[in-house]
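One structure is given here, and the rest of the page talks about it.
Convention: sequence-line order gives letters A, B, ...; per-chain numbering from 1.
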Amino acid sequence: MKSAELSVDFAGHHFRNPLTVASGTFGSGMEYSRYVDIGRLGAITTKGVSSVPWEGNPTPRVTETPSGMMNAIGLQNPGIDVFIERDLKFLEDYDVPVIVNVCGHSVEEYEAVVERLADDDRVEMLEINVSCPNVKQGAIQFGTDPDMLTEVTQRCKTKAKDKPVIMKLTPNVTSIADMARAAEAGGADGISLINTLTAMKIDIYRRKFVLANKTGGLSGPAIHPVAVRMVYEASHAVGIPVIGMGGVATYADAIEMMMAGATMVAVGMISFTEPEAILNILSGMERYMEETGTEHIRDIIGIL
Amino acid sequence: MVNMQDNISIKSKARITEKTELADGIYSMTLCADLCSKAEPGQFVMVYPNNGAKLLGRPICIASVKKDTADSGEDLLRIVFRTVGDGTREIASYGEGDRLFIEGPLGHGYPTDEAISDRKHIVLLGGGLGAPSLLYLAESLTVLMNTESTVAENAVPKIQEKPHITAILGYRDCSLKHFLADDFRGLGINTVIATDDGSEGLKGNVIDALKETVKEPDLIYACGPLPMLSAVKKYAGAAGIKAYISMEERMACGVGVCLGCVAKTVKEDPHSHVKNARVCTEGPVFDADEVDI
């Protein structure tokens with residue numbers, strides 16, 4: 001039997017395997033490159049970057065929850081100038097396609113970042129974060145109102161020129177299918193989901209919220225079944241490809257995500273526990289394909 | 001293309017060789033582990049509960065490192081921690097012979113070069129669970145000072161007189177059984193105990209005790225709760241004394257990726273390009289002048 005073929009095509013771009021990391025769980029690879037050969041990833045998705053540096057939220061910003069965690073980092077990032085000079089420069093040394101996650105408080109801020117990256121050959125695709133629950137102004141509003149989502153998508157598409165634009169969706173909506181269709185209507189080349197679920201934790205002895213932001217985004221294996229359901233619903237509502245994410249921690253989770261309709265899969269918070277998890281998932285997928293006689297990984301995408 | 005570098009610090013399996021409850025909810029644990037690189041005082045390890053539903057490590061500072069000369073030649077790592085939630089309670093439930101995963105040593109510890117240059121009186125201020133990281137510092141300083149004459153002559157100015165070290169340990173009350181105080185005394189370090197309610201030692205906090213007992217400190221190392229560290233910064237700033245403080249914050253990754261554990265800084269941090277430094281990476285020890293607390 002031929003060896004398992006893991007490569008996939010996404011929005012006209014070819015990737016050697018379907019695995020990337022979820023934005024914000026891997027930085028730009030600088031820290032984890034000590035632990036993980038990032039040249040083996042299908043792609044690297046960098047932490048959200050905005051037009052100017054963002055301070056983020058007060059601490060505590062993170063807390064553990066059963067089989068997961070909550071965060072309210074608030075998209076702290078050094079801004080697009082430093083990102084281009086430092087982070088993209090760092091990634092030049094690695095043979096890995098780069099998906100840049102873009103955040104903003106306003107449509108103009110998204111456009112400003114997209115414009116800076118549109119002609120940069122080091123960038124493979126753009127992922128627009130319209131779904132961060134931890135930023136008060138903008139961000140999630142664009143991802144919860146279908147008309148606004150269509151508009152942001154259109155305007156980012158115009159500035160992105162030939163770069164594929166992926167809209168990253170929030171699960172904190174009534175109908176994920178409607179939001180997927182809104183992104184597609186705006187001309188999105190793909191969608192990615194799910195971002196974190198808005199959550200809350202209270203310290204009953206201190207009688208206070210655990211996170212300074214009161215609410216935070218829930219991630220990790222605890223949310224995986226929710227993510228599978230939403231990837232299924234979204235992928236069946238549109239013709240554009242999907243990056244599935246949400247609590248993927250094992251090869252089985254990744255295979256499940258693809259069967260639900262994802263063309264690519266992002267590994268998220270489990271990297272905090274085990275940075276090399278993504279490589280273990282990759283070898284697990286190969287083993288699964290060999291054991292089940294699956295020649296090409298694309299054959300399982302959306303089979304249900 | 002970049003080749004994989006040698007792993008600097010990775011998760012490794014550690015065996016518990018000893019566990020003692022020092023006071024109510026405060027545990028000392030010795031782990032036999034390969035730390036991969038030398039641990040500096042002030043650094044920490046991430047300790048992972050074995051429970052698969054608890055995915056994040058718990059950052060715990062290193063209280064001591066010794067070579068296990070009798071047995072495996074591995075490092076004997078001592079941690080001292082308080083049970084604050086389900087994770088630390090679970091770690092505390094493990095006993096001798098049990099194994100768990102640790103990662104480290106991580107972060108930047110206490111700079112010690114200055115201590116052996118021209119200081120006369122070094123003060124260690126430990127509030128509550130701040131004492132453990134200072135214990136490893138005290139051990140290291142003691143070793144450094146005893147071997148100071150063999151240190152490269154060019155790098156370090158010749159010392160006429162060894163600096164005096166005083167450890168001031170603050171506790172809520174006597175129920176905490178002045179945990180670790182005897183370890184400091186065992187190193188030959190002048191050790192002062194202060195309690196908030198005066199039930200043991202001097203009455204008051206560590207700053208009160210410092211003012212009462214040490215005339216002219218010229219270097220302070222401090223670890224403890226945030227209000228104490230703010231007070232140390234204020235005191236040291238006003239008196240023109242150099243102070244290094246070790247900060248505590250909730251962490252997810254422990255290696256600078258998640259940006260969960262930031263401390264406010266006075267100037268723009270060169271990594272983040274905002275006024276936030278990562279406690280796990282730039283810290284946990286900071287020059288008191290650099291943090292905005």
Subject >> Check: B/Pro284 main-chain N/O paired with B/Arg278 side-chain donor or acceptor under 3.5 Å >> reply: no
**OP:** Answer with yes or no whether the side chains of B/Tyr48 and B/Glu103 bring together a donor and an acceptor at under 3.5 Å.
**Re:** yes
Subject >> Interface residue of largest heavy-atom contact number with chain A, from B/Thr281, B/Asp86, B/Val274, under 4.5 Å >> reply: B/Val274
Original post:
So A/Phe90 and A/Tyr94, would you call those rings parallel, tilted or perpendicular, with 30° and 60° as cut-offs?
Top reply: tilted
Between [X] and chain B, which part of the residue has a heavy atom less than 4.5 Å away: side chain, backbone, both or neither?
| X | result |
| --- | --- |
| A/Tyr205 | neither |
| A/Ser271 | neither |
| A/Asn77 | backbone |

Subject >> Atom pair NZ/CG of B/Lys13 and B/Asp34 - distance to nearest 0.5 Å >> reply: 15.0 Å
Subject >> Selection from A/Lys47, A/Glu276, A/Arg61, A/Met30 maximising heavy-atom pairs under 4.5 Å formed with chain B >> reply: A/Arg61
Original post:
What residue in A/Gly27, A/Pro78, A/Pro66 has the most heavy-atom pairs under 4.5 Å with chain B?
Top reply: A/Pro78
Subject >> Engaged part of B/Lys275 at the chain A interface, taking heavy atoms whose separation is under 4.5 Å >> reply: both
Subject >> Interchain contact, B/Met251 with chain A, by part (heavy-atom threshold 4.5 Å) >> reply: backbone
Subject >> is_close_aromatic(B/Phe179, B/Tyr171), centroid dist under 6.0 Å >> reply: yes
Original post:
Given the side-chain rings of B/Tyr110 and B/Tyr244, with only the six-membered ring counted for Trp, is the space between their centroids under 6.0 Å?
Top reply: no
